[in-house]
Amino acid sequence: MEPGATTGILISIWTQSYNRAPERAISGACLGSTSQQNSTRRARQKTSPTSTSCLAAAPYQNVQTRWRICKPDDSKDASLRLSPATVFVGLNSRSSGRRLHQCADPRRVRNMAGLFRSTALGDLHLTNRIVMAPMTRSRADERGVINSSASEYYAARAGAGLIISEGINVGPMSNAFDRTPGLWTDEQTWGWKAVVDRIHEKGGRIIAQLWHAGRASARGLLSDKQPLSPSGVNDDLDQLQVWALLANGAYVRVAATPSRAMTLAEVQGAVNEFGLAAANAVRAGFDGVEIHGANGYLVHQFLSPAINQRTDEYGGSIEGRSRLLLEIVAAISDVMPRSRIGLRLSPFADYNSTRDPKPEDTYGWLAHWLQTTGLAYLHLADTNAWTGAPDYERMLPIFGEHYRGPLIVNAGITPERADEIVVSGEADAVAFGRLFLANPDLPARIQAGGPYNSPWHFGIYGGSDTGYLDYPSLETVAKD
Ligand SMILES: Cc1cc2nc3c(=O)[nH]c(=O)nc-3n(C[C@H](O)[C@H](O)[C@H](O)COP(=O)(O)O)c2cc1C
């Protein structure tokens, strides 16, 4: 497909039905839609209103999982056992309306004291080890200003030891999901300040996840500009996750526009954008930042030898492919201490088709570098666990051999397993995504042994406060 080529389906949706401004039209065909949808380190080494032309293919839609405490007979039913794999399978079921009932076996319920011990990740002091994973909710306005409901959404989750914000675009050329917030203008910064202030009032801590989507985007989300990537690899566009909000409220998957290789000046521009966004994070009062180096976005694209085929100093060797990341860390270090900067990586993630034939080499090198760099923490996302194929057991040893610093792990981890992880010293903290999305008072629920709400399939991305502010806490359930 040529840059900017459009196929008929979405264009006709735009022209016939929604009468949207031309710059809001998305380049490409609609692919899918959703209705609103310092511990011992030795241990680590061991171990709707849908468009009819759009078929569902959302990463987190049709979520119908139910959690409850097991009854005695449940142990005979394998489908009811609680494991990371079953949790994931449930949440990603493509069959709409399917419900999986997860249960916590009382014989396996731990006292969870490990998760409630305080800890420090660099200069970030956590009152517990329960971290809220970054989750895009697409509730910013067209200028990338986070909406006022976000204060309530995040404040309700202030019981987390640390909240990692949803991915925040560092500049106007980053946009994989429509209506995601930014942090490069004053307006965007003051929008976030209101959120951060509310969390601090409630005694919580929040850091900003800084995100550049790179090639995972489309012209319609970038003011008709072509997405940027390390070297314009475009043989896998169907696998890129790009989402847009239609005028009728449907949040739909759209085709990625072919990207082009960044010039050296554009690479430098991206580094500067991370630095500026970090400076704005400081102005907004964030407790720190997390660099999004995972899930097939720009930093990960540069790390990948398949996506990064540059022949200049930003490609080739592991040192070259890591240069962008190292320069981003240096730029952010100009505005805050390294002890407030985290890094998220997902060495094995297939998400957004970011292939690496030898992740052990790339990430072994990064582990060495991290050990000497003094960042607040490394956040390892086992992204393939989302599709029921966890890499946890092979991911940890790559880092455990070289890196002894603070570690957060994530993906498909149950509260019980999380407690084991922090007690054994495999990691210092565990990040929960979908459980936190559906349970604003997750720490209280973990302490009480559940029960847990399931995420609803509407309202995941975009839309109103429905599916955003209305998940009940234990307190509200008790009052009802
Ligand atoms: C709705 C939703 C949005 C997400 N957005 C982001 C994001 O902005 N940045 C990111 O690094 N990961 C994002 N993720 C991935 C989560 O951080 C996490 O890795 C994933 O949910 C698996 O963890 P879990 O099994 O505890 O849910 C998102 C996940 C969900 C469910």
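These figures come from a predicted structure and were not determined experimentally. Start at 1 and go down the list; that is how both ligands and their atoms are numbered. Heads up: numbering here begins at 1 and tracks the sequence.
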>> Just verifying a value: how many Å separate N272 CG and W184 CH2, rounded to the nearest 0.5 Å?
In response: 15.5 Å

>> Give the atom numbers and elements of ligand 1 that come within less than 4.0 Å of a heavy atom of Q209.
In response: 7 (C), 8 (O), 9 (N), 10 (C), 11 (O)

> Mind checking what makes ring-ring contact (aromatic ring centres under 6.0 Å, His included) contact with Y153, not counting sequence neighbours?
Replying inline: Y468

> Should the proximity of N410 to ligand 1, defined as any heavy atom under 4.0 Å, be assigned to the side chain, the backbone, both, or neither?
Replying inline: side chain

> So which of R344, H292, M132 gets nearest to atom 12 (N) of ligand 1, if we judge by its closest heavy atom?
Replying inline: R344

> Does A294 have a non-hydrogen atom less than 4.0 Å from ligand 1?
Replying inline: no

> At a 4.0 Å threshold, what atoms of ligand 1 neighbour a non-hydrogen atom of F432?
Replying inline: 26 (O)

> In chain order, what residues pass the ring-ring contact (aromatic ring centres under 6.0 Å, His included) check against Y471, with sequence neighbours excluded?
Replying inline: W456

> Which of the atoms in ligand 1, numbered in the order shown and given with their element, are less than 4.0 Å from a heavy-atom of T136?
Replying inline: 1 (C), 3 (C), 4 (C), 5 (N), 6 (C), 7 (C), 8 (O)

>> With nothing but distance in play, are any N or O atoms of P134 less than 3.5 Å from an N or O of ligand 1?
In response: yes

> Where does the angle between the aromatic ring planes of Y297 and W211 fall among parallel (under 30°), tilted (30 to 60°) and perpendicular (over 60°)?
Replying inline: perpendicular

> At what distance, to the nearest 0.5 angstrom, does CG of L121 lie from CG of L375?
Replying inline: 12.0 Å

>> Does ligand 1 come near enough to G412 that some N or O of the ligand is less than 3.5 Å from an N or O of the residue?
In response: yes

> Heavy-atom contacts under 4.0 Å between L435 and ligand 1: side chain, backbone, both, or neither?
Replying inline: neither

>> Counting only nitrogen or oxygen atoms and a 3.5 angstrom limit, does G167 reach ligand 1?
In response: yes

> When only distance counts, is Y461 in polar contact with ligand 1, meaning an N/O pair under 3.5 Å?
Replying inline: no

> If you measure only the distance, is there a donor-acceptor pair under 3.5 Å linking the side chains of S138 and D178?
Replying inline: no

> By number and element, which atoms of ligand 1 are closer than 4.0 Å to a non-hydrogen atom of A133?
Replying inline: 17 (O)

> Just distances here: any N/O of R137 and N/O of ligand 1 closer than 3.5 Å?
Replying inline: no

>> For a 4.5 angstrom cut-off between non-hydrogen side-chain atoms, does N280 reach W192?
In response: no

>> I'd like to know if the side chain of S333 reaches the main chain of V329, judged simply by a donor and an acceptor atom lying under 3.5 Å from each other, with no hydrogens or angles considered.
In response: yes

> Can you check whether E166 has an N/O within less than 3.5 Å of an N/O in ligand 1?
Replying inline: no

>> We want to know whether N439 and R445 form a side-chain donor-acceptor pair, criterion being a heavy-atom distance below 3.5 angstrom.
In response: yes

